[in-house]
Enquirer: 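What follows is a single structure, and I will ask about it in a moment.
The chain is numbered in sequence order, starting from 1. Whatever order the structure lists ligands and atoms in, that order sets their numbers, starting from 1.
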Amino acid sequence: MKRIKERSKGIIKKKRMSFAIRLSVILLSVFTVFSILHLCSSIKSITAQYSDLMIRETKRTDTINSIESHLAEHQTYIFEHVLSTTDSEKNGLESKAQKDKKELMSEVQELRKEFKDTKYDIRYKSLASNVINYLMDSETVFSMSHNGQYDEMHEYMQDTLVDYINSVNDNVSSFKNLLQEDIQEARVDLESNTKAIYMHAIILLMVLIACSVFSLIISFRLSHEIINIDPLTQIPNFDCFLGYCDKPFMRRNLSNYAIMSIDIKGFQYFNQQLGTSFGDALLIEYASQLKKNKSRKRYHEYIARVNGDSFIALHKIDRIPVITDYLRQIDMNVRFKDSVQKVTVYSRCGVCPLEKGMSVMDAVENSRTALKEAKKLSSSSCVWYTPKMSEKEHNAKETIAKFSEAIKNKEFLVFYQPKVDMTTNKLCGCEALVRWMHDGKLIPPFSFIPILEDEGYITELDFYVFEKVCEDISVWVSKGIEPVRISSNFSKLHLKNKRFAEDVLETIAKYNVDKKYIEIELTESSGYDDFEAMTQFVNKMKVESIHTAIDDFGTGYSSLSLLKDLDIDVVKLDKSFLNGANTDLQKQMIENIIKMIRDLHHDVICEGVETEQQAQFLKSVKCFMAQGYLYDKPLPHDDFESRLVSPVYVLEKEDKS
Ligand code: C2E
Ligand code: CA
Ligand code: CA
């Protein structure tokens, strides 16, 4: 649930980023389309302007050229007129000149339209007046030539007409030059405009490239983040950690480093009691504390989050003691819902140095194995990996693998260890203790019970044993052998099962066993939840008149409130009680504890009684029930059956063991 939440937080963030990228790509595309359209229209208008100009200038040039040629023709006619001898010749030339005159006048009119209100207006006016003056003067020349006034005509031509001819020709050629300049100017304009368009296009292209590179970098970073960064704590994830260790520089130097698997002691408590949001805030702060702790630049160290409260670190071996010291207890300020809460966090870690030839993955596994060992210790602690741990873990895996088959094949046997009333030396009860008959060998409980307990399989075995106990009781009863009350061990893991009491009752009912023959042994428990569940279970058993016992009293978290508040029938003193009864003071203490237990109306029995001396001591402090090698070791079914038949002990020697 929590992981889904974390992931969804990360996904929302990434979604926002990818939405931003998509939006910027859309905006960029719109900008590009508009820019291209704008460019195209600029190119189109410039081309149109240029072609307009070219048409206009060509037209003007043609008109000027035509004026020039008509003027030249007209002048030729004047000179031919002067030289011609006959009237008909003169008349023909005059009429040709008239035609040219008409043409010239219309061309001058044409120019008028072209150059009106332009920068050529003044020049045009000068050209027009020169042409008109020339034409008027040429009329005078024609009439003089016609009238034979050759001398005056020559004089007139030299004084006036030639000047006009020169002026007109000058006007025409100056117009032509100006028009050429215009065209040149337009070309330059066009070129510079085209250059500007090219520049515009290049800038657009560069903007496009820059934006594409930017989007690429962002999307690369985004995908890098999705792949490599833990969405909650924003530190690298496990894949990224492995990638870092695999870098050539690190690979060459790994033998100076150790891998550390780290977790927070009691993280579940924070999650359950203060809510998962607080748990998240705590993890974020914890990750930043771990980050502070590493000095990556100098030592190339690395921190990553694996999942939940599980972190992994790569540290220089010689820095491990400093780091574990720091991790042991961290006082943190956790930012949560606009406030800052002070929290002290205890860490546990498993360390595995990266020895030569050891792969990173193996070292990670080993550090996890060491962490499992650290978790078994009550304090916050750091455990260094040893190969024995792997051996243990391997055995554990093998045990788990064989467990189901062993149950099916009925390889688990129930032994019974008698309990004795020391006032009468008579059998007064017994404890069912399991053994595993595997490959012809009898395996003792300490080799498999802790493993099954760690992995959660113990609950199945406990009921298997309990069924066998009920079955044996019902068989003894049917055979006419009076059984004793038999206590069965139940792991504290059963307390997590809401139907624990019902399951016990159903088993008893299945074999139709009288409840007076049943006793349930539970071990003391540290957690409040367990205590609550234990109280409820004990009360349900009480209602059913089934005996309950607290096992191993005096070890672990012995609490007097447990005795006071729990309505159990029997308290089983652990054998360490006897080992500790050496001085008068210790003996006094044991006596007082036993007195208190009895005053609270619980029966009391002591385990591990091996000597007559111990039995005497127990009797002297008013503990009258005992279980131990002094009387019997745990007995196989048939031996115990014989003991049921002859329940009185005759102790020949003081020390029977
Ligand atoms: P426990 O419940 O405290 O059982 C008493 C243990 O003390 C037994 O060890 C017994 O053989 C041993 N013992 C009895 N008298 C003496 C003595 O005079 N001297 C010495 N040195 N030891 C003595 P065992 O049978 O090896 O069982 C070990 C533990 O395994 C049990 O301790 C119990 O915690 C667990 N166990 C055994 N059977 C079951 C089971 O069916 N379910 C569960 N959950 N645990 C079981
Ligand atoms: Ca026990
Ligand atoms: Ca015990």
Enquirer: Salt bridge check: are Lys540 and Glu502 linked by an N-O gap of less than 4.0 Å?
Expert: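 Judged by the 4.0 Å cut-off on N to carboxylate O distance, Lys540 and Glu502 do form a salt bridge.
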Enquirer: Please give me the protein atoms (N, O or S only) lying under 3.0 Å from the Ca ion (ligand 2), ordered by chain and number.
Expert: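 Under 3.0 Å from the Ca ion (ligand 2) - ignoring waters, which are not counted - the protein N, O or S atoms are Glu431 OE2, Asn489 OD1, Glu521 OE1, Asp551 OD2.
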Enquirer: Taking NZ, NE, NH1 and NH2 as the nitrogens, is one of them in Lys575 or Glu610 under 4.0 Å from a carboxylate oxygen of the other?
Expert: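 Looking at Lys575 and Glu610, the cut-off is not met.
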Enquirer: Show me the side-chain donor-acceptor pairs of residues 393-402 shorter than 3.5 Å, one per line, residues at least two apart or across chains.
Expert:
residue : atom : partner : partner atom : Å
Glu393  : OE1  : Thr369  : OG1          : 3.0
Glu393  : OE2  : Lys372  : NZ           : 2.9
Thr399  : OG1  : Asn395  : O            : 2.8

Enquirer: Which ring-ring contact (aromatic ring centres under 6.0 Å, His included) pairs, counting each pair once, include a residue from residues 488-510, with sequence neighbours left out?
Expert: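 Qualifying pairs, neighbours excluded: Phe463-Phe490, Phe463-His494, Phe466-Phe490, Phe490-His494, Phe490-Phe500, His494-Phe500, Phe500-Phe537.
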Enquirer: Does the pair Glu519 and Lys572 meet the rule for a salt bridge (charged side-chain N to carboxylate O under 4.0 Å, His left out), with working shown?
Expert: CA-CA 12 Å; Glu519 186 168 285; Lys572 294 188 83 181; over 6 Å; no
Enquirer: Determine, using ring centers only, whether Phe270 and Tyr286 are less than 6.0 Å apart.
Expert: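 Judged by ring-centre distance (under 6.0 Å), Tyr286 and Phe270 do not meet the cut-off.
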Enquirer: Given the rule in the salt bridge (charged side-chain N to carboxylate O under 4.0 Å, His left out) test, do Arg643 and Asp639 qualify, once you have shown the distances and angles that lead to the verdict?
Expert: CA-CA 6 Å; Arg643 178 56 73 195; Asp639 293 357; over 6 Å; no
Enquirer: Look at the side chain of Asn237 and the backbone N and O of Asp230, then say whether any donor-acceptor pair between them is shorter than 3.5 Å.
Expert: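 Flag not set: sc Asn237 to bb Asp230 has no pair under 3.5 Å.
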Enquirer: Identify, chain by chain and in numerical order, each protein residue with a heavy atom under 4.0 Å from an atom of ligand 1.
Expert: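 Close residues (ligand 1, cut-off 4.0 Å): Gln417, Glu431, Leu433, Val434, Arg435, Pro445, Ile449, Ile458, Asp462, Val465, Asn489, Ser491, Asp551, Asp552, Lys575, Glu607, Gly608, Val609, Glu610, Gly628, Tyr629, Pro634.
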Enquirer: Counting N and O atoms only, with roles assigned by atom type, does the side chain of Gln273 sit under 3.5 Å from a partner on the main chain of Tyr269, one being a donor and the other an acceptor?
Expert: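 No; zero donor-acceptor contacts below 3.5 Å.
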